[in-house]
Visitor: 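I have a structure here, written as structure tokens, and I will follow up with some questions on it.
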Amino acid sequence: MKFERSINVVGCHCAGEVCDVIVGGVLDPSGCNTMYDKLVHFRDKEDQVRQLLVQEPRGRAAMCLNLILPPCNPKADAGFLIMESDEYPPMSGGNTIATTTVLLETGMVKMNEPVTKMVLETPAGLVSVTADCEGGKCKAVAFDNVPSFVFALDYKIEIPGLGTVSVDIAWGGMIYAIVDATSLGIRINNQNGPKLIEYGERIKHALQQSPFIPVHPENPNIKGVSILEFTEPLQRDKMEAVNTVVVSPGRFDRCPCGTGSCARMAVLHARGQLAVGENFTHHSIIGSTFECRIRGTQKLGEYDAILPTVKGSAWINSFKQIVLDGSDPWPVGFRVGDQWHVGQKE
């Protein structure tokens, strides 16, 4: 049979979050000098790839997608782009863990037991990875993320119906707005899901309209809050805490969120609640965990940054060949209101 498009995908989840990986059928764009250039290319010129695979009827609301590409930096073993429902994040921790697992378990990168070390190139920069391997399986992956730092602590913003909300704004590979859910009189659980998503989207959109626009010191094209993380207070006796990230346009990250964990560690360190070398366990809304720590600090422009490490596990669960029939009336998919707070973008 003749199809307009055929794309090979390895199905994978990291701590519950679907993080599928494209391993064939999409060519490396020409004329790109950095992975960020490749991000811009797919975002602006080939976004139909993301829409085809992430949106219904071939995709689903709660999923991410990763595209493995040749790296631009000779220090890297592989490069990859992250595609989500509404954006192309410069970096994602859960997707890094999933992509590493797929690269090693499919043999795209040689696995060495008991430990495989590799470097991945993301649009946010180089990320070093250490994978625990046994019996041909990638058991766990720790990644040394890009430097993470705080733009603002306790930034106040007025939200209709909520009053004045205090927000921490931090970079962990994406620019996060971090809000203590208990300050809004709500706990992080599935029962409060609709309200958390409604609050999260309202706060994020208000921040995007505010005069304060955070800009990454090394890449001015990365600017503005793009994602919101709800937290509950740190349990100091156990050094653990719960969080959930609201992914636009209205769903939860199922995993504890790697970049969100890094942004939160930057906030905890700035508040004197998490020291260099101290272990910290981050829980997701479904109870899965990442093990986190700060391995050091450095200056990044004017900011005091931390060097965060996050460890978690991913599992391959399928091998898929996604095809597009030329007569299919939804070549870039669709969204419906039963799964999103907003419908398909016009």
Side-chain angles (χ1 to χ4, degrees), residues 3-7 9-22 25-26 42-67 81-89 92 94-95 98 159-161 174 177 186 188-209 225-230 244-255 257 260 284-286 317-318 320-346:
F3 295 102
E4 283 195 7
R5 200 75 195 248
S6 176
I7 299 175
V9 177
V10 178
C12 189
H13 80 85
C14 175
E17 177 77 348
V18 176
C19 302
D20 286 358
V21 181
I22 299 172
V26 181
F42 279 97
R43 184 193 66 198
D44 296 348
K45 297 180 180 180
E46 288 195 70
D47 192 45
Q48 68 272 15
V49 174
R50 180 190 64 86
Q51 295 180 66
L52 174 74
L53 299 178
V54 171
Q55 299 193 141
E56 293 182 68
R58 286 159 289 272
R60 58 176 173 146
M63 69 175 294
C64 305
L65 190 68
N66 300 283
L67 172 58
L81 301 180
I82 307 110
M83 303 176 182
E84 293 190 352
S85 310
D86 263 14
E87 64 177 321
Y88 290 74
S92 168
N95 285 291
I159 308 296
M174 300 174 71
I186 193 169
I188 296 173
N189 56 47
N190 286 321
Q191 290 74 22
N192 291 330
K195 187 174 291 187
L196 285 165
I197 287 172
E198 178 193 350
Y199 289 177
E201 289 293 280
R202 285 167 59 187
I203 295 167
K204 189 192 76 171
H205 290 309
L207 285 166
Q208 291 174 338
Q209 301 302 315
V225 170
S226 70
I227 195 160
L228 185 134
E229 178 180 8
F230 280 118
T244 193
V245 168
V246 179
V247 181
S248 290
R251 64 97 172 175
F252 294 125
D253 189 337
R254 271 64 171 155
C255 79
C257 191
S284 75
I285 195 168
I286 66 168
N317 52 37
S318 61
K320 300 177 278 190
Q321 185 177 30
I322 310 298
V323 298
L324 174 61
D325 188 307
S327 65
D328 192 320
W330 290 287
V332 292
F334 55 82
R335 296 174 179 174
V336 290
D338 62 340
Q339 295 195 27
W340 298 104
H341 278 256
V342 297
Q344 172 70 52
K345 285 186 174 180
E346 298 295 332

Visitor: Can you name the closest pair of heavy atoms from C14 and C255 and give their distance?
Guide: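 Smallest heavy-atom distance, with atoms named: O-CB, 3.3 Å.
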Visitor: In this structure, are over 12 heavy atoms from other groups packed under 6.0 Å from K195 atom NZ?
Guide: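 No, the 6.0 Å shell around NZ holds no more than 12 heavy atoms from other groups.
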Visitor: First locate atom CG of D325, then atom CZ of F3, and finally report the distance between them rounded to the nearest 0.5 Å.
Guide: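 Answer for the CG-CZ pair, D325 versus F3, is 6.0 Å.
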Visitor: With rounding to the nearest 0.5 angstrom, report the NZ to CD1 distance, K320 to I7.
Guide: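 Going from NZ on K320 over to CD1 on I7, the span is 12.0 Å.
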Visitor: Roughly how far, to the nearest 0.5 Å, is the NE2 atom of H13 from the OG atom of S318?
Guide: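 Here the rounded value is 10.5 Å.
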Visitor: I'd like to know if D20 pairs up with R60 as an ion pair, taking the criterion as any Lys NZ or Arg NE/NH1/NH2 lying under 4.0 Å from an Asp or Glu carboxylate oxygen.
Guide: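 Not counted as a salt bridge, because no side-chain N and carboxylate O are separated by less than 4.0 Å.
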Visitor: Please check: side-chain N/O of Q208 versus main-chain N/O of S226, any donor-acceptor pairing under 3.5 Å?
Guide: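 Side chain of Q208 to backbone of S226, a donor-acceptor pair under 3.5 Å: no, none is there.
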Visitor: For residues P89 and E84, determine if any side-chain heavy atom of one lies less than 4.5 Å from a side-chain heavy atom of the other.
Guide: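 P89 reaches E84 side chain to side chain.
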Visitor: For F230 and L196, which heavy atoms make the closest approach, and how far apart are they?
Guide: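 Heavy atoms only, the tightest pair is CE1-O, 3.1 Å.
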Visitor: Hey, what do you get for SG (C257) to CD1 (I285), rounding to the nearest 0.5 Å?
Guide: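 Between C257 SG and I285 CD1, I get 13.0 Å after rounding to 0.5 Å.
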Visitor: Please step through side-chain contact (heavy atoms from CB on, under 4.5 Å) for the pair L52 and V49, ending with a clear verdict.
Guide: CA-CA 5 Å; L52 174 74; V49 174; 5.9 Å; no
Visitor: Restricting to non-hydrogen atoms, name the atom on I286 and the atom on G16 that form the minimum distance, rounded to 0.1 Å.
Guide: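 Result for this residue pair: CD1-CA, 4.0 Å.
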Visitor: Measure the shortest side-chain to side-chain distance between F252 and V245 over non-hydrogen atoms and say whether it is less than 4.5 angstrom.
Guide: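 No - every pair of side-chain heavy atoms lies 4.5 Å or more apart.
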Visitor: I need the minimum non-hydrogen distance between P331 and L324, along with the two atoms involved.
Guide: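 Smallest heavy-atom distance, with atoms named: CA-CD1, 3.8 Å.
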Visitor: Looking at A98 and C19, what are the two nearest heavy atoms and their distance?
Guide: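 Residues A98 and C19, closest heavy atoms: CB-CB, 3.5 Å.
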Visitor: Closest approach of R58 and V332, non-hydrogen atoms and distance?
Guide: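 Taking every non-hydrogen atom into account, NH2-N, 4.3 Å.
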Visitor: Is a donor on one side and an acceptor on the other found under 3.5 Å between the side chain of S284 and the backbone of R254?
Guide: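 Answer holds: yes.
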Visitor: Can we say R5 and D328 salt-bridge, meaning some charged N sits less than 4.0 Å from an Asp/Glu carboxylate O?
Guide: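 So R5 does not pair with D328 through a salt bridge.
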Visitor: To the nearest 0.5 Å, what is the distance between CD1 (I159) and CD1 (I203)?
Guide: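 Separation between the atoms: 5.5 Å.
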Visitor: Pick one: which of I322, L81, L67 meets side-chain contact (heavy atoms from CB on, under 4.5 Å) with I22?
Guide: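 Only one option passes, and that is L67.
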Visitor: Would you say the side-chain atoms of R50 pair up with the backbone N or O of Y88, donor to acceptor, closer than 3.5 Å?
Guide: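 Here the side-chain-to-backbone pair does not exist.
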Visitor: Short question: side chain of Q55, backbone of R335 - any donor-acceptor pair under 3.5 Å?
Guide: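 It does not hold such a pair.
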Visitor: Side chains of E17 and C64, heavy atoms from C-beta outward: is any pair under 4.5 Å?
Guide: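 Side chain of E17 against side chain of C64, heavy atoms only: contact under 4.5 Å found.
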Visitor: Quick check for you: to the nearest 0.5 Å, what is the distance between R202 atom CZ and L228 atom CG?
Guide: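 Spacing of CZ (R202) from CG (L228) equals 12.5 Å.
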Visitor: Does a side-chain heavy-atom distance below 4.5 Å link L53 with M63?
Guide: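 Side-chain contact under 4.5 Å: no.
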